[in-house]
S.K.: 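Okay, here's the structure, questions in a sec.
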Amino acid sequence: MSVPATNVLSDVLSEWMKTMFESTFTDVKYDFSQITVVPTGDSQFGEFQCNNAMAMAKDLKKSPRQIAQSVVEGIDLHESVEKVEVAGPGFINIYLKTKWMSSALTEMAGRDDLCVPRIGHGHTVVIDYSSPNVAKPMHIGHIRSTIIGNSIDRMHRFLGYKVISDNHIGDWGTQFGIIIMGYRHLLDKVALESSPIEELERIYVASYEKGKADEEWMDKCRAELVKLQAGDVENMQLWRQFVELSLGEFERIYKRLGVSFDHVRGESYYRDRLGDVVAELKERGLATESEGAIVVFLDDEKLPACIVRKSDGGYNYATSDLATVESRVAAYSPEKIIYVTDERQQLHFRQIFAICRKMGVRVELHHVWFGLMRLPDATFSTREGNVIKLEKLLDEAERRSLAIVKESSPNMPEEQQKAVARSVGIGAVKYADLSQNPQSLVTFTWDKALALDGNSGPYLQYAYARIASVQDKYAERFPNSNIKKYPIELIEPVERDLAVKLLQFPETVLRATLSYKPSSVAEYLYDLAKTYSTFYQNVPFLKAEPGVRESRVRLCSVVAKVLRKGLELLGIETPDRI
RNA sequence: ACCCCGGUAGCUCAGUUGGAUAGAGCAUCGGAUUUCUAAUCCGGCGGUCGCAGGUUCGAAUCCUGCCCGGGGUGCCA
């Protein structure tokens, strides 16, 4: 009577149902591997259902109900299953044994992995995320890669993968030619002293604008870049200054967000290998000269040609990314490399991946992309000046939550109020981003990004804090109780709902990780917290009779464990009081 | 012109990869606190799932065409 450590519930039941179909239709040729069991949408139909009888009907030329009926009649019930029923056109509904659920929950409560299979054990993945550009402040458009990437990072680690997180900052691109020209001719030294990053951004934008209208200026920018890339002493010194200033600023934000990286290797880290990459491509006959540039044609893949060396001799992003793949493969032998960027880079990565395949690179390459952040009335753009700085967003989030903490917990020490406001504010911002499908178009609104009620980060944190409080009160009132002596009993329907939800945690995490979708975890946690809130509001536990009381407090603690772990996977903190 | 994505309630978004009566939050209307934290709970209102065909037992989900919006398409990243 236990949840297998290497298999999640849906899989176990699917395997069982498959065997049942096979033993019912021994003389029938059919691909039984497609038989699966999925959670029901409605508890009146049991906890799981199998829909394959309907699909089989035309192949077997029998009525779907008849097929379902034959399977059910001869069925050998799985240890976890109370009963199965045929319903509607031919659904097979599966009802779990309450007692089995109780013991499965008890086992889950006792395990640090919460019965999530460690499928990543022995596998290495590199995750490349956040990757801001030097000399540009992080605005709200940059937050998605950081938060989604960090969550994917956390999920992989939890599944046992060895994760190497790498912040591939943009520290070696064309922008440096533009910035150096701006620095030489447009700099306001006083402004650089007082707010360096803003001044760097200003000269970048000003220089870029100038270059758009003035071809000669742009040529000079390119020339400065070539000088830098050739190792010119003066330009190198400027470059180092820009990078250091920016890294300090990024670090401050990462600290607030609770994000850290194993490596921060910018594009510059690979700069000495760019020539070798191009040479190798030429050697293999993959790259050829065209209009003065060196390009890789990808006609076979139906992709546009990819330039790996510009006609002025400079290298670009593609070359750098190819060198990065080679370097990572040589250094870590990863099973896969995951990139988390916005949607604009889809074509770029398709080209890079295609070239890697042509070069015989073994590693699995995966691009996780997300939609650009937009404003309700306009497209987001640095040059339009309608950006919202990331720090401003975080400040506002903490400010709004502090106001609520002060109102709802006036007796809390001020230091704690501030700490809570920080956790809750940052949690709200992260949850707002993680709870939507990454590929949707995202429209930024303050009220959505900073939602503190309803489907929000604080809602989940609140549910957790309530449980922490219940546990403290229980320990206070019944100091000598040995709560583990009492079994978890699922009496009320809402308790059963909670149990079903909890038992779905492993498969939710597994699926979310394999599909790179933290939003699935967020959705699951909201569902769980909502069910818990109903339970909390409508069922007494500290005031329930002995035995029932202990059972319910134990159930609460399983919910707390899952909420805490789930939120941790999203990078959201769980204070005991909010 | 071509490629990728999106279009679901007044607004912001989910939708377990084709399942049973399409769901949340916000807003709005009504109710719940001498009780375990009201950042909560219970209920009402709200829908031609962009449009038109098609595939099948069954479609928001798959295929085709069109409309609208976003992004991209050899010397930016």
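Chain letters run A, B, ... following the sequence lines, proteins first and then strands; every chain starts at 1.
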S.K.: Round to a whole Å and report the spacing from CD of A:Gln175 to C1' of B:rA77.
M.R.: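 Computing the A:Gln175:CD to B:rA77:C1' distance gives 8 Å.
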S.K.: Measure from the side chain of A:Leu452, starting at C-beta and using heavy atoms only, and say which of B:rA20, B:rA39, B:rC36 lies closest.
M.R.: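 Nucleotide nearest to A:Leu452's side chain: B:rA39.
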S.K.: Assess the side chains of A:Thr40 and A:Asp42: does a donor N or O sit below 3.5 Å from an acceptor N or O?
M.R.: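 No - no donor-acceptor pair under 3.5 Å links their side chains.
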S.K.: Which heavy-atom pair separates A:Ile467 from A:Leu563 by the least distance, and what is that distance?
M.R.: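 So the minimum-distance heavy-atom pair works out to CD1-CD1, 4.3 Å.
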S.K.: Would you call A:Arg400-A:Asp447 a salt bridge at under 4.0 Å N-O?
M.R.: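 Result for this pair is yes, salt bridge flagged.
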S.K.: Round to the nearest Å and state the distance from A:Asn51 atom CG to B:rU17 atom C1'.
M.R.: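 Rounded to whole Å, this separation is 13 Å.
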S.K.: For nucleotides 5-10 of chain B, which of its nitrogen or oxygen atoms have a protein nitrogen or oxygen under 3.5 Å away, and what is each distance?
M.R.:
from, atom 1, to, atom 2, distance (Å)
B:rC5, O2', A:Gln439, O, 3.1

S.K.: Measure from CE on A:Met54 to P on B:rA20 and round the result to the nearest Å.
M.R.: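 Those two atoms, CE and P, are 10 Å apart.
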S.K.: Which one, B:rU17, B:rC36, B:rG71, comes nearest to the side chain of A:Ser515?
M.R.: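 Out of B:rU17, B:rC36, B:rG71, the nucleotide with an atom closest to A:Ser515's side chain is B:rU17.
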S.K.: Classify the angle between the aromatic ring planes of A:Trp239 and A:Trp172 as parallel (below 30°), tilted (30 to 60°) or perpendicular (above 60°).
M.R.: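 Rings of A:Trp239 and A:Trp172: perpendicular, over 60°.
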S.K.: Return whichever of A:Arg477 or A:Gly88 has its heavy-atom-nearest nucleotide of RNA chain B closer to the 5' end.
M.R.: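 So the residue in question is A:Gly88.
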S.K.: Distance check needed: B:rU40 C1' versus A:Leu460 CG, whole Å only.
M.R.: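 The answer, rounded to whole Å, is 13 Å.
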S.K.: Less than 6.0 Å separating the ring centroids of A:Phe541 and A:Phe535?
M.R.: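 Under 6.0 Å, so yes.
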S.K.: Quick test of the criterion, 5.5 Å between centres and less than 30° between planes. Is A:Tyr526 stacked on B:rA24 or not?
M.R.: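 Here the ring of A:Tyr526 and the base of B:rA24 are not stacked, as the 5.5 Å and 30° limits are not both satisfied.
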S.K.: Stacking check: are the rings of A:Tyr317 and B:rC76 less than 5.5 Å apart at their centres and under 30 degrees in tilt?
M.R.: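 A:Tyr317 vs B:rC76: stacking no.
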S.K.: Using Watson-Crick and G-U wobble pairs with both distances under 3.5 Å, what is the 5'-to-3' dot-bracket string of RNA chain B, with [ ] for crossing pairs and | for pairs outside the strand?
M.R.: (((((((..((((.....[...)))).(((((.......))))).....(((((..]....))))))))))))....
S.K.: Could you state the atom-to-atom distance from NZ of A:Lys406 to C1' of B:rA39 in whole Å?
M.R.: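 Interatomic distance, NZ of A:Lys406 to C1' of B:rA39: 17 Å.
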S.K.: For the side chain of A:Gln537 and the base of B:rA32, is some donor closer than 3.5 Å to an acceptor across the two?
M.R.: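 There is none.
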S.K.: Measure from the side chain of A:Lys543, starting at C-beta and using heavy atoms only, and say which of B:rA77, B:rU16, B:rC36 lies closest.
M.R.: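 The answer is B:rC36.
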S.K.: Distance check, C1' atoms only: B:rC2 and B:rA20, in whole angstrom units.
M.R.: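 After rounding to an integer number of Å, I get 42 Å for this pair.
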S.K.: Would you say B:rG70 has OP1 or OP2 under 4.0 Å from some side-chain N or O of A:Arg344?
M.R.: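 Indeed not, no polar side-chain atom of A:Arg344 lies that close.
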S.K.: Check for me whether A:Arg549 meets the cation-pi criterion with A:Phe478, that is, NZ or CZ under 6.0 Å from the six-membered ring centre and within 45 degrees of the ring axis.
M.R.: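 Yes, A:Arg549 sits over the ring of A:Phe478.
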S.K.: Would you classify B:rU48 as syn or anti? Syn applies when the glycosidic angle is within 90° of 0.
M.R.: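 Anti conformation for B:rU48.
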S.K.: What nucleotide among B:rU21, B:rU40, B:rU73 has an atom nearest to a side-chain atom of A:Gln44?
M.R.: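 The closest nucleotide is B:rU21.
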S.K.: Could you report the tightest heavy-atom contact between A:Ile578 and A:Ala465, atom names first, then the distance?
M.R.: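 What the structure gives for the nearest pair is N-CB, 3.9 Å.
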S.K.: Pick the C1' atom in B:rG44 and in B:rA9, then give their distance to the nearest Å.
M.R.: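 My reading of the C1' atoms in B:rG44 and B:rA9 gives 15 Å.
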S.K.: Between P on B:rA39 and CD on A:Glu398, what's the gap in Å once rounded to a whole number?
M.R.: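 Nearest whole value for this atom pair: 20 Å.
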S.K.: Between B:rC13, B:rG15, B:rA39, which nucleotide has the shortest distance from any of its atoms to the side chain of A:Gln436?
M.R.: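 In terms of side-chain proximity for A:Gln436, the closest of B:rC13, B:rG15, B:rA39 is B:rC13.
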S.K.: With under 30° as parallel and over 60° as perpendicular, where do the rings of A:Phe349 and A:His367 fit, or are they tilted in between?
M.R.: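 Rings of A:Phe349 and A:His367: tilted, as their planes differ by 30° to 60°.
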S.K.: At under 4.0 Å, does any side-chain N or O of A:Ser469 touch on OP1 or OP2 of B:rC36?
M.R.: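 Negative; the distance criterion is not met.
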S.K.: Give me the ring orientation class for A:His139 and A:His142: parallel if the planes are under 30° apart, tilted from 30 to 60°, perpendicular past 60°.
M.R.: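 Rings of A:His139 and A:His142: tilted, as their planes differ by 30° to 60°.
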S.K.: On RNA chain B, nearest-nucleotide positions of A:Thr534 versus A:Ala55: which is more 5'?
M.R.: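 Per heavy-atom nearest nucleotide, the more 5' residue is A:Thr534.
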S.K.: If you only use heavy atoms from C-beta on, which nucleotide in B:rC75, B:rU40, B:rC36 is closest to the side chain of A:Tyr462?
M.R.: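 Of the options given, the side chain of A:Tyr462 lies nearest B:rU40.
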S.K.: Going by centres under 5.5 angstrom and planes under 30 degrees, do the aromatic ring of A:Tyr459 and the base ring of B:rA39 stack?
M.R.: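 Check failed, A:Tyr459 does not stack on base of B:rA39.
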S.K.: Among the candidates B:rG19, B:rC76, B:rA24, find the nucleotide nearest to the side-chain atoms of A:Lys530.
M.R.: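 Given the options B:rG19, B:rC76, B:rA24, the side chain of A:Lys530 is closest to B:rA24.
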S.K.: When you get a sec, tell me which of B:rA39, B:rU37, B:rC42 is the closest nucleotide to the side chain of A:Asn538?
M.R.: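 In terms of side-chain proximity for A:Asn538, the closest of B:rA39, B:rU37, B:rC42 is B:rC42.
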S.K.: For A:Ser533 and A:Tyr462, which I'm curious about, is there any donor-acceptor pair between the side chains at under 3.5 Å?
M.R.: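 Judged by distance alone, the side chains do not pair up.
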S.K.: Does the side chain of A:Ser533 get closer than 4.0 angstrom to OP1 or OP2 of B:rA38 through an N or O atom?
M.R.: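 So the side chain of A:Ser533 is outside the cut-off, no N or O lying under 4.0 Å from OP1 or OP2 of B:rA38.
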S.K.: Which value, in whole Å, describes the distance between the C1' atoms of nucleotides B:rC4 and B:rA39?
M.R.: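 That atom pair is separated by 40 Å.
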S.K.: When only distance counts, do a donor and an acceptor, one from the side chain of A:Asn93 and one from the base of B:rA20, lie under 3.5 Å apart?
M.R.: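 Looking at the base of B:rA20, it does pair with a donor or acceptor on the side chain of A:Asn93 (distance under 3.5 Å).
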S.K.: Would you check if A:Ser130 and A:Phe250 make a side-chain contact, meaning some heavy-atom pair closer than 4.5 Å?
M.R.: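 Contact flag for A:Ser130/A:Phe250 side chains = no.
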S.K.: Check the pair A:Lys473 / A:Glu476 against salt bridge (charged side-chain N to carboxylate O under 4.0 Å, His left out), numbers first and verdict last.
M.R.: CA-CA 5 Å; A:Lys473 290 231 160 68; A:Glu476 218 173 86; over 6 Å; no
S.K.: Looking only at the side chain of A:Lys310 (C-beta and beyond, no hydrogens), which of the listed nucleotides B:rA77, B:rC76, B:rC4 gets closest?
M.R.: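 Nearest to the side chain of A:Lys310 among the choices is B:rC76.
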